[in-house]
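Accompanying notes for the structure given below.
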Amino acid sequence: MTAPHPYHLDLPGLAEAVAACVPDAKHAALVKTMRAFDKMSEARVATTRGGDGSYYLSRCKVLSHTGVVLHDDHEVWLREQLQADGGDANATLERVRAEGYLFSRCSLTKLYLVSDRGGANPADFAQATVYLEDERIDRVALSGYVWDKPRTLADLLEIQGDPVDETMKRPVGSPRYRLDEVVDVEAFVVLAERQDAHLRERLRARRYNLTGSYRDGRSDESDVRTHDEMFPGWDKVPAKLRRIFLDWQASSAGRSGERFCDHWALTFSDWTDPNTGVRHLSYVPLWTFDKKLAEIESRKGDCYGHFSKLQTLDRRVKVPFAWYFYMLHGNRVHDGSGQRVLADAEAGLIVLPEHDYRVLKAWSEHPYGF
């Protein structure tokens, strides 16, 4: 589990309970385990990612040619082998090849579980991420063609190795769950708003030197302007990590009674720039709809055909005005659709509920996305 932050929920015993769960196809045991903890009492699987080989651990296990596990970390093991050969990487390469050692590959499925508190605030929910690990024999260590003789540990680690035959890709142990983190989403957003306020103060203090600019019809050699003067109204909108929830609440999506966490999960990032010491909190929304959605081209068709396609998306995901949130992130709906719908609504060609029009208008004036 990741190191705790103030927005991480403290649930003693949860990591151990998750690890003790026996995985099943619908993750029923995992959900039941989660629900035994008060702050995850409404837990359910919102969506999953991976499971198709696209996510995997960089760490590999080392096995003998007969499939016996010799070490849990191939990098540590290779470093030891290199030391045993006096630092001669080519000697290590030849010896390891001759022994026929095997490396595993641990494929990952990332599960997003949410527990909605049911309040008026769409951000008032907890989200847990859990990895399902499935490790199998994958390749013959350091095998295959090598362009040049290896000289360092890094050179050895770059040798991918030939894949084993499909019949040899046996499991290494049993599939297992591993808890990554449990986030109080509202607490994360509150902290992000505070960090955003700090960043805005830094921007307000910034000065821009413009050369060859015009003021009162005269050309000045230099013109010093503040951030406010350069970008009027830039600070009049909420931080975007809060804004998406406010838009959900104000629009038909939230007014219909649909819950944000029933349709979206989040991937979080908390990073501090080592050069400036500035902390950056962010997240990326992930839709939970598990069927294919057609991409909507904003420039194709007349206004009615275009808007009809957006409404079709809404019907498929069962959320009114859902297309707007797909526009904020993803590749199914693009910014051009938002601008086109707004123009068509203002021209009286299509009808938008007033609350949706206001959300879309505000986005047009101060665009944001993820």
Side-chain angles (χ1 to χ4, degrees), residues 1-21 27 30-49 108-132 177-200 237-250 253-254 257-272 278-288 319 325 328-329 368 370:
M1 187 172 176
T2 56
H5 290 287
Y7 51 79
H8 281 135
L9 291 176
D10 183 20
L11 300 173
L14 179 59
E16 294 78 9
V18 167
C21 279
H27 312 293
L30 176 63
V31 170
K32 183 177 180 180
T33 296
M34 285 278 183
R35 288 180 175 178
F37 292 79
D38 288 341
K39 294 178 181 179
M40 293 297 295
S41 60
E42 300 298 321
R44 60 174 188 78
V45 178
T47 189
T48 64
R49 293 294 187 271
L108 302 174
T109 301
K110 190 173 185 179
L111 293 84
Y112 297 84
L113 298 97
V114 298
S115 183
D116 190 3
R117 299 189 182 101
N121 178 5
D124 193 14
F125 67 96
Q127 178 182 288
T129 52
V130 174
Y131 285 106
L132 172 59
Y177 291 122
R178 173 171 57 86
L179 181 65
D180 180 42
E181 63 179 359
V182 185
V183 173
D184 182 319
V185 176
E186 172 62 15
F188 186 92
V189 173
V190 168
L191 183 57
E193 286 179 306
R194 292 174 185 165
Q195 292 303 120
D196 183 77
H198 294 321
L199 292 175
R200 293 188 187 204
V237 293
K240 72 175 185 178
L241 299 196
R242 174 66 71 187
R243 190 175 173 186
I244 189 174
F245 292 112
L246 295 175
D247 283 354
W248 184 275
Q249 191 173 32
E258 291 295 330
R259 305 296 296 172
F260 181 90
C261 62
D262 284 342
H263 301 278
W264 295 91
L266 305 169
T267 59
F268 299 96
S269 174
D270 186 346
W271 175 74
T272 299
V278 177
R279 186 179 185 184
H280 300 271
L281 287 92
S282 62
Y283 60 66
V284 176
L286 301 172
W287 66 66
T288 64
V319 179
F325 297 92
L328 296 180
H329 174 69
Y368 76 106
F370 297 87

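Because the structure is predicted, anything quoted here is derived from the model rather than measured.
Shortest non-hydrogen contact noted between Ala265 and Thr288 is N-CG2, 4.0 Å.
For the pair Met34/Val130, a side-chain contact is recorded, criterion being any heavy-atom separation below 4.5 Å from C-beta on. His5 is not listed as a side-chain neighbour of Leu281, based on a closest heavy-atom distance of 4.5 Å or more. Here the side chains of Leu132 and Thr48 are not in contact, with every heavy-atom distance at 4.5 Å or above. Side-chain atoms of Phe125 and Leu266, non-hydrogen and from C-beta on, do get closer than 4.5 Å to each other. In this structure, the side chains of Pro238 and Leu246 come closer than 4.5 Å at one or more pairs of heavy atoms. Looking at Val185 and Phe268, their side chains come closer than 4.5 Å, going by heavy atoms from C-beta outward.
Expressed to the nearest 0.5 Å, how far CG of Leu179 lies from CG of Leu14 amounts to 5.0 Å. A distance of 6.0 Å separates CZ of Arg243 from CG of Asp247, quoted to the nearest 0.5 Å. Distance check: Asp180 CG to Lys110 NZ gives 5.5 Å after rounding to the nearest 0.5 Å. Here the straight-line distance linking atom CZ of Phe370 with atom CH2 of Trp264 works out to 9.5 Å at 0.5 Å rounding. Between Lys240 atom NZ and Asp196 atom CG the span is 10.0 Å, to the nearest 0.5 Å. Rounding to the nearest 0.5 Å places CZ of Phe188 at 10.5 Å from CD of Gln127.
Legend: residues meeting side chain to side chain contact (heavy atoms under 4.5 Å, CB included) with Arg117, ordered by chain and number and at least two apart, are Leu9, Asp124, Ala126, Asp184. The side chain to side chain contact (heavy atoms under 4.5 Å, CB included) test applied to Glu258 returns Trp248, Ser256, His263, Val319, not counting sequence neighbours. Remark: Arg242 pairs with Glu186, Glu193 by the salt bridge (charged side-chain N to carboxylate O under 4.0 Å, His left out) rule, at least two apart or across chains. Applying the ring pair (Phe, Tyr, Trp, His ring centres under 6.0 Å) criterion to Phe37, with sequence neighbours excluded, gives no partner residue. With sequence neighbours excluded, no residue forms a side-chain hydrogen bond (donor to acceptor under 3.5 Å, both in side chains) with Thr109. Checked against ring pair (Phe, Tyr, Trp, His ring centres under 6.0 Å), Tyr112 has no partners two or more places apart in sequence or in another chain. Not counting sequence neighbours, Tyr131 has no partner by the side-chain hydrogen bond (donor to acceptor under 3.5 Å, both in side chains) test. Residues that satisfy the ring pair (Phe, Tyr, Trp, His ring centres under 6.0 Å) test with His280, not counting sequence neighbours, are Trp271. Annotation: side chain to side chain contact (heavy atoms under 4.5 Å, CB included) contacts of His198 (sequence neighbours excluded): Gln195. Residues passing the salt bridge (charged side-chain N to carboxylate O under 4.0 Å, His left out) test with Arg35, sequence neighbours excluded: none. Phe245 meets the ring pair (Phe, Tyr, Trp, His ring centres under 6.0 Å) test with Phe260; sequence neighbours excluded.
Remark: of the listed residues Thr267, Ile244, Asp270, Ile244 is the sole one forming a side-chain contact (heavy atoms from CB on, under 4.5 Å) with Tyr283.
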Report, one line per pair, each donor and acceptor closer than 3.5 Å where one atom sits in a side chain of residues 39-47; sequence neighbours left out.
from, atom 1, to, atom 2, distance (Å)
Ser41, OG, Asp38, O, 3.3
Arg44, NE, Asp262, OD1, 3.3
Arg44, NH2, Cys261, O, 2.9
Arg44, NH2, Asp262, OD1, 2.5
Thr47, OG1, Arg49, NH1, 2.7

